[in-house]
Amino acid sequence: MQASQNLEIQNQSSNMEAETATEAGLSLIKQLASCNKSGRDRALRVLLKTWLPTQLNLHDDHMKKLWKGLFYCIWHADKVPVQTQLIDRLSSLVLSLHLPLSIHYFSAFLLTMRREWSGIDALRLDKFYLLIRRFMASFFALMRNNLWDLELVKRLMGVLEEVTFFADDKFLGNGVNYHIASVFLEELRPYLPLKAEVLEVVLVSFIRVSAKVPDKVLLGKIRSNMFDALLGAGKRLLEVKKLGEDVGSGDEVMVFGSISLTMGFSSKFYELGSSPECCQGNRKVLFGLHEEFLKLEKELESSGIEISIPDVVYNDDEVVPTLVPLAGEEMEVGNSEPGEVVMVNGSAGKLLKKCKKREKDTGAADTKAEKKKKKKKKNKKENGNLDSDSEKSSTDRENENVVANGESSDNQQATDENAVKLDDNVISNLQMQFEKIAAEAGLDGDVPSACDLPTASDKGPVSKKRKRVKKAVEEDVEGGTNAKSGEKSAKKVKFSMKSNLVWKPQSPLPPQDLRVPPSATPRGSALKKGVPPGPIREMPLPTKKVKMVRVVTAKKARKAIKRIKKLKSRPT
């Protein structure tokens with residue numbers, strides 16, 4: 001007795017906890033339609049991560065309330081990146097939730113979209129089109145994750161038919177049906193090829209919809225976006241096979257063409273078109289598709305070409321992530337010596353970097369030394385034998401460049417003792433050598449004189465302009481090109497942000513939480529480009545008043561003449 005009482009108490013307490021959790025979640029649903037983005041994000045985080053996965057037996061009314069809040073959360077989402085992130089987040093829940101809850105979540109989404117579709121304006125229509133497309137992609141991904149189980153595929157296709165195409169509600173949501181029929185084959189394409197049993201359940205259901213639905217627009221969408229596409233792919237595949245050309249197994253012509261040629265659609269169209277359940281207005285369309293598919297199948301038989309759906313094996317293999325060694329683990333380095341082990345994050349973590357740096361530095365030093373030697377030989381051949389002072393100055397200049405790069409001839413770090421000091425004798429020898437080479441090359445008119453070159457002084461560093469002139473002269477002398485003037489290279493461009501500010505608001509902006517009611521003119525991102533932000537009154541231009549000229553008709557003139565005659569005829 002006491003044990004049964006304890007069980008009853010535990011069950012009551014668990015039920016009370018579940019009820020309190022449900023009430024807490026329902027209280028957060030109202031915040032999904034808040035004008036404040038931070039409030040919407042907080043409610044989404046709590047509802048989708050912690051509350052919804054725990055509600056295994058959620059009531060249908062509560063799921064509808066949740067989806068109404070999610071619908072208006074998408075309604076308030078502005079800018080494409082925010083909308084896309086939110087839509088991906090909602091559609092991914094179809095794959096992460098428990099399977100019965102996931103199917104309930106998907107059916108409530110379809111019902112909400114049909115109920116709210118008539119209230120969506122043209123400016124917000126694109127993001128809801130994207131929402132339907134992403135949910136259809138998750139719809140097929142859920143089948144793939146369950147290895148295309150035939151019972152689950154039938155159950156999911158039944159939910160899709162009952163809630164959308166064969167819905168008994170009075171909602172004006174036919175646009176949802178049209179868009180699902182338009183994107184169905186496009187979203188199924190990444191998961192093809194499939195087994196013939198699965199394809200029969202998925203595609204034949206649309207033949208049944210075409211026979212029973214009285215909506216002519218939906219019938220046209222199904223025909224143009226699904227069966228006409230399959231029929232065209234089958235014709236192209238047959239032509240390619242007759243020419244003897246090879247088609248890849250993953251090509252769209254091969255995938256769709258093999259379905260249209262091997263699934264026997266002609267008999268299915270004839271069967272459903274002649275059934276008493278078929279709408280009278282739809283028979284013509286179904287019989288027309290029957291004749292086209294029958295003609296294609298007969299052409300395949302007469303050609304003798306064998307085409308079949310490839311065998312598909314569904315694997316439940318998960319992608320193995322690349323392993324990253326942790327601290328303390330050993331990893332062999334390909335360039336290290338045999339037996340040497342480098343620690344990635346351990347105490348010897350810098351050894352690998354040092355090895356790579358040493359190889360890079362030695363290679364760079366060798367290439368630089370070889371280039372300088374070739375350059376030196378080339379200058380000697382062109383200009384002849386130079387004086388001993390000039391040779392000394394060139395070697396000094398080479399050593400100076402090596403020291404500046406932190407290298408020496410023995411590929412070691414340069415020190416302050418090896419640095420060459422520029423004396424007056426060295427500078428004068430350099431100036432004389434520059435003038436001699438410039439005179440031989442015929443550059444006396446363009447190159448500045450040696451007196452203009454910078455000299456070492458005790459006052460401080462040489463100006464940037466003179467350094468630039470000296471550098472240009474050295475490059476032209478060594479390369480044998482024409483020297484450029486120092487004035488052109490000293491050009492500067494000034495830029496100031498203060499003078500480039502464009503937009504300056506004249507009045508303070510409204511607060512972010514301000515939302516305009518639907519009856520008023522929309523603002524912000526709801527406007528198209530070029531549309532004025534509010535009603536504009538156009539005042540007519542002032543026009544001059546034209547004086548009315550009194551026109552005397554002929555009838556009045558005759559009456560006046562008669563009066564005058566009567567007055568004259570009267571005796572005075």
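What you see below is based on every heavy atom in this structure, not just the backbone, and it leaves out hydrogens, waters and symmetry mates. Being a predicted model, the structure only gives us computed values, none of them experimental.
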> Just wondering, are more than 12 heavy atoms of other shown residues or ligands nearer than 6.0 Å to CG in D246?
Replying inline: no

> If you draw a 6.0 Å radius around CZ in R89, do more than 12 non-hydrogen atoms from other residues or ligands fall strictly inside?
Replying inline: yes

>> Quick check for you: to the nearest 0.5 Å, what is the distance between I207 atom CD1 and L286 atom CG?
In response: 8.5 Å

>> If I take atom CG from residue L99 and atom NE2 from residue H104, how far apart are they, to the nearest 0.5 angstrom?
In response: 13.5 Å

>> Nearest 0.5 angstrom please: N174 CG to T164 OG1, how far?
In response: 10.5 Å

>> Surrounding NZ of K216 (heavy atoms of other residues, nucleotides or ligands, distance under 6.0 Å), is the total greater than 12?
In response: yes

>> Could you check whether Y129 and Y178 have their ring centres less than 6.0 Å apart?
In response: no

>> Measuring from atom CZ of F128 to atom CG of L130, what distance do you get when rounded to the nearest 0.5 angstrom?
In response: 11.0 Å

>> As a test of understanding, state which of I307, L237, T262 forms a side-chain contact (heavy atoms from CB on, under 4.5 Å) with L300.
In response: I307

>> Check R45 with D41, please: is the shortest side-chain N to carboxylate O separation under 4.0 Å?
In response: no

>> Out of the candidates F135, F206, Y191, only one should pair with F184 under the ring-ring contact (aromatic ring centres under 6.0 Å, His included) rule; please name it.
In response: F206

> If you take all heavy atoms of S205 and M157, which pair is closest and at what distance?
Replying inline: OG-CE, 3.2 Å

> What is the distance from atom OG1 of T112 to atom CD1 of I74, rounded to the nearest 0.5 Å?
Replying inline: 10.0 Å

> Salt bridge check: are E299 and K242 linked by an N-O gap of less than 4.0 Å?
Replying inline: yes

> Distance from R114 atom CZ to L172 atom CG, nearest 0.5 Å?
Replying inline: 9.0 Å

> Where is the tightest heavy-atom contact between S91 and S138, given as atom of each residue plus distance?
Replying inline: O-OG, 3.0 Å

